[in-house]
Every structure is written in C-alpha cells, then in structure tokens.
Number of protein chains: 2
Amino acid sequence: MLAPSAVKASARASRLKKSVETRFDRRQSEILDHATSVLCAKGYAGASMRDLSRATGMSLAGLYYYFESKERLLYLIQKHTFTTIVQQLKVRLASETDAEGRIRIFILNHLEYFLANQKAMKVLSHEDDVLENGFGTEIAALKRGYYRICVSLMDELKQEKGLEFSSRIAVMSLFGMMNWIYTWYKPRVDGGAVDLARQMGDTFLTGIGSKQLRKRSSTK
Amino acid sequence: MLAPSAVKASARASRLKKSVETRFDRRQSEILDHATSVLCAKGYAGASMRDLSRATGMSLAGLYYYFESKERLLYLIQKHTFTTIVQQLKVRLASETDAEGRIRIFILNHLEYFLANQKAMKVLSHEDDVLENGFGTEIAALKRGYYRICVSLMDELKQEKGLEFSSRIAVMSLFGMMNWIYTWYKPRVDGGAVDLARQMGDTFLTGIGSKQLRKRSSTK
DNA sequence: GTATAATTAGAACGAACGTTCGACCATATG
DNA sequence: CATATGGTCGAACGTTCGTTCTAATTATAC
C-alpha cells in the first residue's frame with residue numbers, strides 16, 4: 001500500500017526480477033526529465049511542486065510516490081547529471097596520453113554534454129549550493145572529483161611543457177568560460193560543441209601555454 | 001500619512017531642500033546593503049521579505065515604506081550595481097588608447113569591483129533573469145550596454161593587431177572567466193583583484209592574440 | 001478471477017508567503 | 001503647545017507552499 005521511494009528502492013534492489021529497468025525507474029526518469037525543464041526555467045526555489053506536477057501531468061500526491069521530497073528530486077537530477085558526464089569523460093580520456101590532447105578532450109566532453117543537456121547542466125550550475133547536509137555534501141564530493149580530474153590534467157600539462165601557473169585559477173577560469181555558456185548560448189548563432197571547444201581550447205591553451213618557466217625546455 | 005516610495009521619490013525630487021542625500025535615501029541604502037547579503041546567501045526566490053526584515057532590523061511593514069515590492073528591491077540593487085560599475089569603467093577607459101591596454105582596464109575594473117562588491121555582483125549575476133517586464137528590460141538594457149563596450153574593445157583589438165575571431169564568443173568567454181569567480185573565490189587563497197586581472201588578462205589576451213588573420217600586419 | 005501489490009489522485013494539513021491597513025511614535029515647523 | 005508629516009510597527013489579509021492521509025484505481029501473480 002504505502003510505498004515511498006526509499007522503501008521501493010531497496011525492495012527493487014533485492015528482487016531484481018527480469019529487467020533491471022523497472023517500470024518505476026522508467027516513470028521516475030520521465031518525471032525527472034520534465035522536472036528538469038521546470039527547474040531550469042524557474043529555479044529550484046521558484047518552482048513549486050505544483051509546477052512540477054503540472055509539467056509532468058502527474059498529481060501532486062503522485063509525485064511523492066516517486067520522490068520523498070523536493071530536495072531529493074533536485075538531488076537525483078544533479079547526481080545523475082554529474083555521474084554521467086564524469087563517466088563519459090573517463091572513457092574518452094583513456095584513449096589519449098598527450099597532456100594538451102587530454103585537456104582538449106576534457107573541454108570537448110564538457111561542452112558536448114553541456115549543449116546536449118543544457119537544462120540539466122544549468123540546474124547543476126545554477127542550483128549549486130541549495131542542497132543541504134547529506135544531499136549537499138554528496139553532490140559537492142562529485143563536483144570536487146570532477147574538478148580534481150581537470151586540475152591533474154593541468155598539472156600534467158605544466159610538467160610536460162615546463163609551464164608555471166596556478167592550476168587552481170586556470171581550472172576555475174576554464175570552468176567559468178565553459179559553464180557561463182548557459183547564460184548566452186544560442187545554437188543558431190554560436191555553432192556546435194566541436195567548434196566552441198576548438199575555439200575555447202585554442203584560446204585557453206595558447207594563453208596558458210605562454211607561461212614558460214624558463215626559455216625552451218620541451219621535455220623533462 | 002501614506003507615503004510609499006514612488007510618491008516619496010517625486011516629492012523629494014521636487015523639493016530638494018538642503019542636502020541631496022536625504023534621510024530616506026540613507027536609510028534605503030542601508031536596507032539595500034543588508035538585503036544584498038540575504039539575497040546573495042539565499043537567492044531571490046529563496047529569500048522572504050521576513051528574512052530581509054530580520055536582517056535589516058526593520059519590521060516587515062516598514063520595508064514596504066521604502067520598497068513598493070520585493071521585485072523593486074532587487075531591481076534597485078541590480079540597477080545601482082550596474083550603473084556604478086559602468087560609470088567607473090568609463091572614467092578609467094578615458095585615459096587609455098592602446099587596445100590591449102583598454103581590455104586590461106576592462107578586466108581589472110570588472111574584477112576589482114567584483115571582489116569589492118562580491119555579494120551585489122553575485123546577486124547581479126545569479127539573479128539575471130528573474131525580473132520581469134519593465135524592471136527586466138531596463139536591467140537587460142544596462143547589461144547589453146556593458147557587454148557592448150567590451151565587444152567594441154575587442155573589435156578595436158582585432159583591427160589594431162589584425163586578428164580574426166568571434167568577438168561575441170571571446171567576450172562571452174571572458175565574462176564567464178570573470179563572473180564565475182563568485183563560485184570559487186577565496187581571498188586568502190586566490191590573491192587580490194590586481195593579480196587575478198593580470199593572470200586572466202595574460203591568459204585571455206595571449207590566447208586571443210594568437211589568432212592572426214595573416215602573418216605580420218601590425219597597423220592598418 | 002480473485003488476491004496482492006504497485007501506482008495514482010482528491011482533499012486537506014499547518015506553515016510561510018507577499019502585501020496591506022490603520023494605528024502609533026518621532027520630529028520639526030508654526 | 002499644537003499640528004502636520006515622515007517614519008515605524010503589530011496584526012491581519014488571502015494565497016500558495018511542501019507534505020501527508022486515505023481511498024480509489026490499475027497492473028501483476030496465482
């Protein structure tokens with residue numbers, strides 16, 4: 001009878017009948033998709049559960065069958081988005097060893113995912129610090145992991161090319177460049193992810209690359 | 001008896017007794033300062049008038065003596081912030097003719113103001129599209145004007161150095177770099193505006209500067 | 001086909017929202 | 001001192017908020 005999502009989740013995990021993707025999961029994903037649009041448009045605090053209810057076509061009470069709270073709904077969106085982008089990045093990074101090439105892969109992966117999932121990425125970027133306690137720290141950890149990957153790529157580059165600059169500020173600048181996109185990007189005007197990634201990659205890497213530690217020392 | 005801020009404003013404007021800065025203006029500014037902190041911390045939609053009342057030490061009803069609505073309060077913060085930064089920029093730009101120098105001034109001005117008024121600038125950046133109709137279009141116009149200044153600086157640079165790149169994307173990338181600061185900046189760790197401006201200026205200008213239209217053509 | 005569980009919806013909860021009203025202080029001018 | 005005006009407040013308005021209860025409906029298994 002009463003089966004909120006927490007109870008539900010463990011029940012499904014222990015049973016695992018025929019398909020891993022249960023009806024529950026499918027419906028939940030659909031709802032999350034619609035919810036993402038609304039949260040993107042109105043912001044987390046500005047969007048009401050009634051707004052989400054309306055957008056998904058599900059009753060207000062029905063939503064609480066799938067999500068135990070509004071906060072958990074945002075958490076699920078953010079977690080899924082972060083997990084997916086990191087996972088996709090790791091696959092792509094595995095096939096490249098050159099430091100500059102790896103940073104270009106990072107940029108391309110970020111921008112491609114960003115443009116392909118603009119609404120979710122805006123919700124991720126814009127509602128960065130609204131989750132509290134447990135939810136908040138978990139998402140913050142995912143974010144830190146993602147940032148750390150980028151920092152280590154930057155360190156690789158510095159070592160490989162004998163450069164000297166603050167990895168932290170470089171990474172933050174790069175993320176700023178890329179994440180700010182959600183405030184201005186227009187598909188018709190600004191081209192696709194590949195072009196954008198090349199342009200931002202050129203600008204960033206050439207700029208960063210000029211900070212030689214000492215004159216000419218290509219290999220260690 | 002009944003004297004909401006709209007009526008008040010015109011009354012003060014027509015009288016202009018001894019000091020231009022009336023008690024009303026002073027108190028209103030104080031409230032706006034406190035309100036900025038709250039809006040920065042909780043977001044526009046997430047902050048209630050009761051939160052602002054608590055932070056300013058003024059009663060809920062008292063707030064409405066100074067601001068006819070919550071929306072207008074945000075509008076006043078954004079308008080003041082934008083106006084001030086643009087005005088300060090114009091003064092500084094007047095004393096420099098070199099294209100690269102002017103862009104460096106733009107960056108420095110933006111970052112200095114940003115770091116000196118972090119909360120207001122976060123409210124400006126983060127609550128970019130929450131104002132509607134009249135309020136919204138006026139702030140949007142101020143923003144467009146500010147952006148256009150930067151675009152024209154970029155065009156100057158392109159012409160002066162014979163470069164070829166998209167001014168729009170360059171400007172947006174630069175703003176992303178700078179505005180993203182509010183998500184990561186820690187005074188103790190990341191230094192002051194001058195250092196940051198030099199670092200970002202170097203990165204950006206060197207990166208952008210590599211996009212020669214053709215080899216060597218310094219002047220028109 | 002009936003029992004059992006998964007899914008949905010209507011109606012309501014108390015709390016908090018933005019805003020308003022009318023009555024109070026404070027201050028300064030006559 | 002009287003009186004007008006600028007400033008402030010407590011209390012309440014009607015609405016909407018996130019959430020929950022209970023009952024009805026639908027899918028699944030025997």
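Worth saying up front: this structure is predicted, and the values here are computed from it rather than measured. As a basis for the values below, the full set of heavy atoms in this structure was taken, side chains included, without hydrogen atoms, waters or symmetry mates. Throughout, a chain's letter reflects where its sequence line sits, starting with A, and its residues are numbered from 1.
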Just the rounded figure in Å: distance from P of D:dA27 to CZ of A:R27. 12 Å
To the nearest angstrom, the CZ-C1' distance between B:F67 and D:dG7 comes to 14 Å
For A:Y185, which residues count as a ring-ring contact (aromatic ring centres under 6.0 Å, His included) partner, sequence neighbours excluded? none
Could you tell me how the ring of A:H126 sits relative to the ring of B:H126: parallel (under 30°), tilted (30 to 60°) or perpendicular (over 60°)? parallel
Ion pair check, B:K119 and B:D33, cut-off under 4.0 Å: no
Nearest-angstrom distance from the residue atom CG of A:L63 to P of D:dC17: 13 Å
I'd like to check the ring-ring contact (aromatic ring centres under 6.0 Å, His included) partners of B:Y44; sequence neighbours left out, ordered by chain and number. none
Picking from C:dT7, D:dT8, C:dA9, the nucleotide nearest the side-chain atoms of A:S59 would be C:dA9
Ionic contact status for B:K143 with B:D129, cut-off 4.0 Å: no
Should the pair A:R26-A:E30 be classified as a salt bridge under the 4.0 Å nitrogen-to-oxygen rule? no
Between B:Y65 and D:dG7, does any side-chain N or O lie under 4.0 Å from OP1 or OP2? yes
Whole-Å gap separating P (D:dT28) and CZ (A:F24): 15 Å
When you check the phosphate oxygens OP1 and OP2 of D:dT28, does a side-chain N or O of A:R23 lie under 4.0 Å from one of them? no
Using a 4.0 Å heavy-atom cut-off to protein, can you give one letter per nucleotide of nucleotides 11-21 of chain C, 5' to 3': B if the base is in contact, S if only the sugar-phosphate is, - if neither? -B----BBBBB
note: B:M58, atom CE; D:dG6, atom C1'; distance rounded to Å ~ 12 Å
Report the distance from atom CG of B:D25 to atom P of D:dG7, rounded to the nearest whole Å. 10 Å
All ring-ring contact (aromatic ring centres under 6.0 Å, His included) counterparts of A:F106, not counting sequence neighbours: A:Y146, A:F175
For DNA chain C, please output the secondary structure as dot-bracket, reading 5' to 3'. Pairs are Watson-Crick or G-U wobble, both atom distances under 3.5 Å; mark crossing pairs with [ ], other-strand partners with |, unpaired with a dot. ||||||||||||||||||||||||||||||
Residues B:D155, B:R148: salt bridge by 4.0 Å N-O rule: no
Which residues pass the ring-ring contact (aromatic ring centres under 6.0 Å, His included) test with A:Y113, sequence neighbours left out? none
Phosphate-side-chain proximity, A:Y66 and C:dT8, N/O vs OP1/OP2 below 4.0 Å: yes
